[in-house]
Amino acid sequence: MKLPPSFYQSSDVVAISRNLLGKYLFTNIAGELTGGMIVETEAYNGAVDKASHAYGNKNTPRTQTMFMEGGIAYVYLCYGIHHLFNVVTSVAGEPHAVLIRAIVPTNGLDVMLLRKKMTKLKPNLTAGPGSVAKALGIDRSLNAFSLQSTEVWIEDRGIEIHPDDISAVPRIGVAYAAEDALLPYRFYVKGNQYVSKPNK
DNA sequence: TGAAGGATGATCT
DNA sequence: GATCATCCTTCAA
């Protein structure tokens with residue numbers, strides 16, 4: 001059920017981003033199981049991608065996680081407020097990552113609502129990368145955790161997303177990346193209400 | 001040692 | 001649609 005390490009070690013980060021749609025992301029933090037089905041991702045293509053933190057093989061205390069072997073979590077703080085959860089892919093030394101932008105919540109709804117201080121289920125519970133991390137209780141203490149661990153992992157539950165139901169569009173919030181901002185590296189399940197808002 | 005700037009989201013008009 | 005919350009990372013002196 002858990003995706004094996006080999007799933008993450010392909011050098012085709014764009015294909016992995018596509019394949020992650022329909023997979024299930026779970027966390028088990030402090031005994032609370034939460035998670036859901038991935039419906040939106042973005043690929044960050046390592047050293048040659050101007051939108052990537054590791055563009056030009058920039059290796060810093062923050063980005064060194066991206067240079068590790070595929071199959072671990074890369075978590076960092078954005079705008080001083082939001083934790084963003086990424087999956088590191090490819091082999092050690094090649095800094096590929098997939099940002100998980102939205103999931104359909106399936107497990108631990110009550111816990112996720114509590115974490116976001118919400119009383120009623122609405123799509124914004126897990127729409128958008130900051131929301132996903134907050135609902136799942138993810139913060140930087142999970143950075144570099146293995147996705148084979150008992151705290152955070154991804155499962156294949158046999159869901160197949162038909163290629164016609166997947167849209168590929170430019171990524172969000174990376175206007176600074178010049179021509180790379182136009183690459184169709186954002187993937188989402190068409191019509192799903194949990195996909196984050198911009199150009200749905 | 002310091003300053004600038006984010007892979008965003010909630011809230012208000 | 002505009003604003004703002006809020007803080008770590010990075011790079012320059």
Side-chain angles (χ1 to χ4, degrees), chain A residues 8 13-14 16-18 20-21 25 34 36 38-68 70 72-90 94-105 112-144 152 154 167-188 192-200:
Chain A
Y8 303 104
V13 65
V14 174
I16 294 175
S17 298
R18 238 177 215 284
L20 280 173
L21 296 177
L25 170 65
T34 52
I38 298 168
V39 293
E40 184 180 357
T41 62
E42 278 182 8
Y44 285 85
N45 190 27
V48 300
D49 183 352
K50 291 181 182 174
S52 170
H53 291 159
Y55 173 60
N57 275 318
K58 190 168 72 171
N59 193 331
T60 65
R62 179 176 66 160
T63 63
Q64 64 177 348
T65 304
M66 296 180 72
F67 288 86
M68 297 168 74
I72 62 171
Y74 171 46
V75 184
Y76 74 97
L77 186 67
C78 182
Y79 296 121
I81 303 177
H82 306 289
H83 295 277
L84 269 58
F85 173 80
N86 302 249
V87 175
V88 176
T89 68
S90 193
E94 198 168 34
H96 291 180
V98 178
L99 172 65
I100 306 301
R101 291 189 57 89
I103 68 174
V104 176
M112 292 195 279
L113 287 170
L114 200 61
R115 283 176 180 150
K116 290 206 66 183
K117 296 183 169 56
M118 292 167 59
T119 52
K120 192 159 161 282
L121 178 61
K122 287 187 296 184
N124 72 348
L125 178 67
T126 52
S131 294
V132 170
K134 185 160 190 184
L136 296 187
I138 292 170
D139 64 24
R140 292 180 315 143
S141 67
L142 286 183
N143 185 43
V152 55
I154 299 176
S167 279
V169 299
R171 293 170 290 186
I172 306 296
V174 296
Y176 59 85
E179 71 276 11
D180 288 343
L182 302 175
L183 294 169
Y185 280 2
R186 174 178 177 236
F187 301 97
Y188 63 88
N192 189 284
Q193 62 179 334
Y194 287 93
V195 172
S196 62
K197 201 179 341 192
N199 57 39
K200 181 152 117 183

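So that the names make sense, note that chain A is the first sequence line, chain B the second, and so on, each numbered from 1.
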Out of curiosity, [X] [atom1] to [Y] [atom2], how far, rounded to the nearest 0.5 Å?
X	Y	atom1	atom2	value
A/Ser17	A/Ile38	OG	CD1	10.0 Å
A/Thr89	A/Ile72	OG1	CD1	10.5 Å
A/Glu42	A/Arg186	CD	CZ	6.5 Å
A/Thr126	A/Met112	OG1	CE	6.5 Å

key: Residue list, salt bridge (charged side-chain N to carboxylate O under 4.0 Å, His left out) with A/Lys50, at least two apart or on another chain   = A/Glu179

Minimum heavy-atom distance [X]-[Y], with the two atoms named:
X	Y	value
A/Leu142	A/Ile138	CD1-CG1, 3.9 Å
A/Asp180	A/Val48	OD2-O, 3.4 Å
A/Ser196	A/Arg101	OG-NH2, 3.3 Å
A/Tyr44	A/Asp49	CA-OD2, 3.6 Å

Counting any heavy atom closer than 4.0 Å, what does [X] reach on the DNA or RNA strands: base, sugar-phosphate only, or nothing?
X	result
A/Ser131	sugar-phosphate
A/Leu84	sugar-phosphate
A/Lys58	sugar-phosphate
A/Arg62	sugar-phosphate

inquiry  = Quick check on C/dT9: is either OP1 or OP2 less than 4.0 Å from any side-chain nitrogen or oxygen of A/Arg140?
reply    = yes

inquiry  = I want to check one thing: is the phosphate of B/dG9, taken as OP1 and OP2, less than 4.0 Å away from some side-chain N or O of A/Lys116?
reply    = no

Take atom [atom1] of [X] and atom [atom2] of [N], then tell me their distance rounded to the nearest Å.
X	N	atom1	atom2	value
A/Asp139	C/dC8	CG	P	12 Å
A/Asn59	C/dT10	CG	C1'	13 Å
A/Lys117	B/dT11	NZ	C1'	16 Å
A/Met66	C/dT10	CE	P	12 Å
A/Phe85	B/dT8	CZ	C1'	18 Å
A/Met118	B/dA10	CE	P	8 Å
A/Ile81	C/dT3	CD1	P	16 Å
A/Tyr76	C/dT10	OH	C1'	14 Å

task = Give a yes-or-no answer on whether the side chains of A/Lys58 and A/Thr63 include a donor-acceptor pair shorter than 3.5 Å.
result = no

Secondary structure of DNA chain C in dot-bracket form (Watson-Crick or G-U wobble, distances below 3.5 Å, | marking inter-strand pairs) = |||||.||||||.

Considering only nitrogen or oxygen atoms on both sides, find all protein atoms under 3.5 Å from nucleotides 4-6 of chain B and state each distance.
residue, atom, partner, partner atom, Å
B/dG6, N2, A/Gly80, N, 3.4

remark   = Per atom distances to the A/Pro129 side chain, the nearest of C/dT10, B/dG9, C/dT6 is B/dG9

remark   = Per atom distances to the A/Thr63 side chain, the nearest of B/dT8, B/dA7, C/dT10 is C/dT10

